Amino acid sequence: MKKFWPDLLALVFFTCVVGIFFAPTVLKGQLPVPADALVGLYHPWRDALTKDYPRGVPFKNFLITDPVRQQIPWRKTAIDQWKDRILPSWNPYSFSGASLVGNIQAAVFYPLNILFFLFEFPVAWTLLIMLEPLLAGIFFYLFLRNRQRSPAASLFGAISWSFSGFSVAWLTWGTMMHVALWLPLILLAIDKLIESKRWLILLVASLCMQFFAGHAQISLYVLMLSAGYALWWLRFRRFLAAFCLFIVITSIQWIPLLGTTMQSSRLLETVSWTKPGWFSPWQHLVQYIAPDFFGNPATLNYWGEWNYGELVGYIGIVGLIFALISFLHWKEKELRFWFIMLVGSLLFFLPTPIASLPYILHLPFLSSLQPTRLTMVVDFALAILTAYGFDAFLKHKGKRAWVAMAGIGCLIALLWILVMVQGAA
């Protein structure tokens, strides 16, 4: 029983961290919804408050309006139709009507929608958002512990991942992080396949959960990373069996999604990828060290390229130092996989010649994807390396930490040069 105490304490501590993060919600009854932007930017809500706010209602962040304009209305429409015992197939409120089941971001079939049948919609949505960092961290911790990482390193990695730049930037969407949070559980199931075929059930269930969670692009990255992980550890045959079951089960979602996607004008769009900000500019790598180096849209002083939320991948300075320490152990097979995932993601995330190939070749679907969303893979790989670097730090009692800190210093200097050159241009 004693051997479970460190894990129990670590998970309790992590739960407390999530609770502190959501303190305004838990203690003050506030909602994790950018409703201030709704009444501050859009009619008729701002009109109703003109008497009290003749200059308009103050709002905190104009960049996170999608949840109140899209994700919440879509989910509410789907839930209402389910409650009326109607298959949510059509959204009558979007223009002259649009497919609801074909809109994957409505998350029509996501099993965690059960929350909306147990609680009032505002409470259920709040719980849905709160579950993102909570489940992401717990699953990440379990995966790392199965990979023989120490409880302390696993906890540190879990915090780095669940509160990474990607996680926090997309938190209120209720879709993207809900897809990504299932990734470590998928990887855990792949690891466990060698012990028993019964883990195949968890693998199939996790694959389905991440797809139904509501974001096709992040789901694609999860599937690709999972397949690569299974291939790396020579478990691809069983993964393929699980994938076939996943395809059959999720056909109720991807068939209408495919039909809707084929009618989308975005598939024919060929100009966007040449615009600044389509790929992450090199100088924006500084946001992995100082997330608000270019300011922040919440304080209206952002002077960086395009969209802050697409480019921030901060996991913490300490976490980044531990990740760099892990590079000193690059010969380990497991670490090599995550190094490859990190470098591979950055090659397509940054404006490199290889990143342009899908758009030059007009590859179906891939040429319509925003590559900055690869921040998810970058942050996940960095969080894994952080945990391994943490254990290496403890093992060597910090003797190699100076190498990582020197690397951080050189990186900061290089990025400063890039920023200044870009500013001068």
Side-chain angles (χ1 to χ4, degrees), residues 75 78 82 87-89 99-117 128 131-132 135-136 138-147 174-262 337 341 364-366 369 373 376-377 380 384:
R75 190 72 64 100
W82 276 125
L87 176 66
S89 59
S99 174
L100 189 60
V101 70
N103 176 7
I104 193 171
Q105 293 195 61
V108 170
F109 301 109
Y110 191 37
L112 288 186
N113 284 344
I114 187 66
L115 292 171
F116 296 97
F117 293 86
L128 192 75
L131 282 175
E132 288 180 329
L135 292 181
I138 290 174
F139 294 159
F140 198 88
Y141 180 89
L142 295 176
F143 168 66
L144 287 175
R145 289 292 287 135
N146 186 64
R147 298 304 307 182
T175 53
M176 296 175 72
M177 194 57 191
H178 261 285
V179 176
L181 69 84
W182 296 100
L183 176 57
L185 197 61
I186 292 171
L187 302 182
L188 173 63
I190 292 173
D191 284 339
K192 290 291 188 178
L193 284 176
I194 198 170
E195 298 178 9
S196 171
K197 293 182 179 179
R198 289 179 294 181
W199 287 94
L200 190 68
I201 298 174
L202 178 63
L203 177 56
V204 174
S206 302
L207 288 171
C208 293
M209 291 288 278
Q210 62 84 26
F211 184 72
F212 286 140
H215 200 278
Q217 184 173 353
I218 303 301
S219 177
L220 176 64
Y221 294 153
V222 168
L223 291 172
M224 293 174 66
L225 200 155
S226 301
Y229 186 82
L231 187 63
W232 183 262
W233 293 108
L234 304 178
R235 293 166 196 152
F236 190 72
R237 182 187 298 180
R238 292 185 178 180
F239 176 82
L240 190 59
F243 183 78
C244 291
L245 289 173
F246 155 78
I247 290 295
V248 173
I249 295 171
T250 58
S251 60
I252 56 174
Q253 177 71 81
W254 65 259
I255 290 177
L257 169 64
L258 187 61
T260 302
T261 303
M262 295 304 294
F337 174 80
M341 292 300 103
F365 299 107
L366 292 179
L369 300 181
R373 306 282 168 81
M376 186 276 289
V377 182
F380 190 87
I384 294 286

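These numbers were taken from a predicted model, which means no experiment stands behind them.
Arg235 pairs by the side-chain hydrogen bond (donor to acceptor under 3.5 Å, both in side chains) definition with Asp191, not counting sequence neighbours.
Across all their heavy atoms, Arg75 and Ala213 have their closest contact at NH2-O, 4.2 Å. Between Ala107 and Gly214 the shortest heavy-atom distance is CB-CA, 4.3 Å. Of all heavy-atom pairs between Gly102 and Thr260, the closest is CA-OG1, 3.4 Å. The shortest heavy-atom contact between Val101 and Ile252 is CG2-O, 4.1 Å. The two residues Ser251 and Pro256 have their closest heavy-atom pair at O-CD, 3.8 Å. Taking both residues in full, the closest heavy atoms of Met209 and Trp182 are given as CE-CZ2, 3.2 Å, listed atom of the first, atom of the second, then distance.
Within the 4.5 Å cutoff, side-chain heavy atoms of Leu207 are placed close to those of Leu223. Looking at heavy atoms from C-beta onward, Thr175 lies out of side-chain contact with Ile104 at the 4.5 angstrom threshold. Residues Ile190 and Arg238 are not in side-chain contact: their nearest non-hydrogen atoms beyond the backbone lie 4.5 Å or more apart. Inter-residue side-chain proximity for Tyr141 and Pro184 is flagged as unmet; no heavy-atom pair is nearer than 4.5 Å.
Side-chain atoms of His178 come within 3.5 Å of backbone N or O of Leu128 as a donor-acceptor pair. Under a 3.5 Å cut-off, the side chain of Ser206 and the backbone N or O of Leu203 do not form any donor-acceptor pair. Between the Trp82 side chain and the Pro88 main chain, no donor and acceptor come within less than 3.5 Å of each other. Ser219 places no side-chain N or O within 3.5 Å of a backbone atom of His215 that could act as its donor or acceptor partner.
One finds the CG atom of Leu142 at 12.5 Å from the CG atom of Leu187 (value rounded to the nearest 0.5 Å). Taking CD1 of Ile201 as the start and OG of Ser196 as the end, the distance is 8.5 Å to the nearest 0.5 Å. The distance from atom CG of Leu225 to atom CE of Met376, rounded to the nearest 0.5 Å, is 7.0 Å. Interatomic distance, Cys208 SG to Ile247 CD1, rounded to the nearest 0.5 Å: 9.0 Å. Taking CG of Leu188 as the start and CG of Leu144 as the end, the distance is 10.0 Å to the nearest 0.5 Å. The distance from atom CZ of Phe139 to atom CD1 of Ile186, rounded to the nearest 0.5 Å, is 10.0 Å.
Tyr229 and Phe143 have perpendicular rings, their planes meeting at more than 60° on a 0 to 90° scale where under 30° would count as parallel.
The one candidate from Ile384, Leu185, Leu183 that meets the side chain to side chain contact (heavy atoms under 4.5 Å, CB included) condition with Phe140 is Ile384.
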Next on the checklist: For Leu258 and Phe365: C-alpha separation, side-chain torsions, deciding distance, then whether side chain to side chain contact (heavy atoms under 4.5 Å, CB included) applies.
Outcome noted: CA-CA 10 Å; Leu258 187 61; Phe365 299 107; 3.7 Å; yes

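Heavy-atom contacts from other residues, nucleotides or ligands closer than 6.0 Å to CD1 of Ile194 number 12 or fewer.
Identified under the ring pair (Phe, Tyr, Trp, His ring centres under 6.0 Å) test for residues 186-211, with sequence neighbours left out: Phe211-Phe246.
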